[in-house]
Amino acid sequence: MLTNQMQIVKATVPVLQKHGLEITRVFYEQMLTEHPELKAQFDPEAQKDGSQSRRLAGAILAYAANIDRLDQLTAGVDKIAYRHVDVNVLPEQYPIVGKHLLGAIKTVLGEAATPEILDAWAAAYGQLADILIGREKAIYAEQLEPAAV
Ligand code: HEM
């Protein structure tokens, strides 16, 4: 990720958070319309009251705000990774979430979402996704290993 992309991401976090609710609503609605099979992985109660979409997209925005010091967020990353393994999140699902998150940012911000801003957010999401995918891979592997006696 380029330095100026990090700056763009940090600079645009406040405006995205301001529209956070709308972005997360559009994100979730569009993603589950296109990928109804994902519904099974999400808690139905949390889907109904909208708290799930706030959690997932909200977390992505929050992490992106700290994109230049992700190494300090290990505890948070671990918590998400364990939860993801619980609900069987797979690496190939990351591009789906990424596509719809970017799509929602674009829809909600309209012309304010310049190509530079969208590219910077795509890069930030990719970086977060790589960290989580790596951690989850290790946790899945741990769980497959026979218990050491
Ligand atoms: C960079 C990408 C992502 C971030 C930052 C992220 C973040 C989070 C966070 C913060 C939680 C809540 C953890 C907790 O309960 O403590 C969560 C849960 C969850 N995430 Fe992700 N996530 C990402 C990608 C994905 C992807 C690709 C999927 C695949 C469909 C996914 C599906 C879920 C599900 C199903 C839950 C549990 C929801 C529930 O309790 O209903 N996430 N995620």
Side-chain angles (χ1 to χ4, degrees), residues 1-109 113 115-144:
M1 193 177 179
L2 306 169
T3 312
N4 74 318
Q5 288 184 320
M6 274 191 201
Q7 284 160 355
I8 292 174
V9 166
K10 285 179 77 78
T12 51
V13 163
V15 63
L16 292 183
Q17 280 175 339
K18 195 175 140 222
H19 297 281
L21 225 55
E22 181 63 2
I23 291 172
T24 54
R25 194 188 59 75
V26 171
F27 156 76
Y28 201 57
E29 201 176 277
Q30 291 182 350
M31 183 172 77
L32 293 184
T33 302
E34 208 168 294
H35 291 276
E37 77 281 3
L38 293 181
K39 284 184 193 169
Q41 272 167 298
F42 291 96
D43 171 356
E45 284 309 311
Q47 278 177 53
K48 253 181 263 160
D49 67 13
S51 65
Q52 172 54 48
S53 54
R54 280 198 291 279
R55 245 184 286 163
L56 178 50
I60 295 173
L61 296 181
Y63 275 77
N66 295 297
I67 196 75
D68 51 355
R69 46 195 176 100
L70 287 180
D71 51 329
Q72 291 173 27
L73 301 174
T74 328
V77 164
D78 247 45
K79 187 170 177 264
I80 300 173
Y82 274 101
R83 180 74 187 122
H84 279 171
V85 167
D86 274 347
V87 292
N88 202 31
V89 169
L90 298 172
E92 56 268 31
Q93 295 179 316
Y94 279 84
I96 300 172
V97 167
K99 177 189 157 191
H100 289 282
L101 182 74
L102 264 286
I105 291 175
K106 204 174 163 186
T107 304
V108 174
L109 292 191
E116 289 75 20
I117 290 178
L118 293 173
D119 283 352
W121 274 90
Y125 176 81
Q127 196 160 312
L128 264 179
D130 285 349
I131 292 170
L132 285 171
I133 289 169
R135 190 65 193 101
E136 285 154 25
K137 196 174 160 198
I139 299 169
Y140 281 121
E142 265 168 34
Q143 294 185 345
L144 281 177

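Note that ligands are numbered from 1 as they come in the structure, with each ligand's atoms numbered from 1 the same way. Sequence positions, counted from 1, serve as the residue numbers for this chain.
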Check: Gln41/Gln93 side-chain N/O donor and acceptor closer than 3.5 Å:
yes
So the atoms of ligand 1 within less than 4.0 Å of a heavy atom of Val97 turn out to be 26 (C), 27 (C), 28 (C)
Using distance alone, decide if ligand 1 has a nitrogen or oxygen within less than 3.5 Å of any nitrogen or oxygen in His84.
yes
If the cut-off is 4.0 Å to any non-hydrogen atom of Tyr94, which atoms of ligand 1 fall inside it?
2 (C), 24 (C), 27 (C)
Side chain, backbone, both or neither: which part of Leu132 comes within less than 4.0 Å of ligand 1 when only heavy atoms are counted?
side chain
List ligand 1 atoms under 4.0 Å from Val89, heavy atoms only on the residue side.
26 (C), 28 (C), 29 (C), 31 (C), 32 (C), 33 (C)
With nothing but distance in play, are any N or O atoms of Lys79 less than 3.5 Å from an N or O of ligand 1?
yes
Quick one: pull up CG in Leu38 and CD1 in Ile96 and give me the separation to the nearest 0.5 Å.
5.5 Å
Does any non-hydrogen side-chain atom of Tyr82 lie less than 4.5 Å from one of Arg135?
yes
Separation of Ile133 CD1 from Tyr140 OH (nearest 0.5 Å):
10.5 Å
Quick check on Lys106: does its NZ atom have over 12 non-hydrogen neighbours (other residues, nucleotides or ligands) under 6.0 Å away?
no
Identify, by atom number and element, the atoms of ligand 1 in contact range of Gln93, meaning under 4.0 Å from any of its heavy atoms.
27 (C), 29 (C), 30 (C)
Atoms of ligand 1 less than 4.0 Å from Leu128 heavy atoms?
1 (C)
Ring-plane angle category for His84 and Tyr94, please: parallel below 30°, perpendicular beyond 60°, tilted otherwise.
perpendicular
